[in-house]
Amino acid sequence: MAYTVIWYDRQGVIDKVTFDAEKMAKDHAISMFPARKGDDGVLSVEVRRDNGAVVFSHAEN
């Protein structure tokens with residue numbers, strides 16, 4: 001099953017990255033959030049299964 005990490009800023013989706021494992025996708029989202037927030041203005045991130053179900057989300061103001 002594929003898992004997609006979706007990065008959002010104020011205007012919507014700015015990037016998507018696909019992983020084969022949920023843990024890899026979640027670990028990527030958690031570890032990259034501070035850098036993406038500072039560099040790209042990311043406000044939130046989600047990890048979704050290939051069926052669209054959200055398995056992880058994180059947001060900061």
Hey, can you pull the donor-acceptor pairs under 3.5 Å for the side chains in residues 43-52, sequence neighbours left out?
| from | atom 1 | to | atom 2 | distance (Å) |
| --- | --- | --- | --- | --- |
| Glu46 | OE1 | Tyr8 | OH | 2.9 |
| Glu46 | OE1 | Arg48 | NE | 2.9 |
| Glu46 | OE1 | Arg48 | NH2 | 3.0 |
| Arg48 | NH1 | Gly52 | O | 2.8 |
| Asn51 | OD1 | Ala53 | N | 3.0 |

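In the hydrophobic clustering of this structure, Val5 groups with Ile30; members are Ile, Leu, Val, Met, Phe, Trp, Tyr whose side-chain heavy atoms approach within less than 4.5 Å, directly or through other members. Clustering ILVMFWY residues whenever any of their side-chain heavy atoms sit less than 4.5 angstrom apart, transitively, puts Val54 in a cluster other than the one holding Met1.
Listed by chain and number, the residues in a side chain to side chain contact (heavy atoms under 4.5 Å, CB included) with Ser31 amount to none (sequence neighbours excluded). By the salt bridge (Lys or Arg N to Asp or Glu O under 4.0 Å) test, Lys37 is found to be paired with Glu60, residues two or more places apart in sequence or in another chain being considered. Residues meeting the ring pair (Phe, Tyr, Trp, His ring centres under 6.0 Å) test with Tyr3, sequence neighbours left out: none. Legend: residues meeting side chain to side chain contact (heavy atoms under 4.5 Å, CB included) with Ile14, ordered by chain and number and at least two apart, are Trp7, Asp9, Arg36, Asp40, Val42.
Within the structure, salt bridge (Lys or Arg N to Asp or Glu O under 4.0 Å) pairs that include any residue of residues 19-28 comprise Lys23-Asp27 (at least two apart or interchain).
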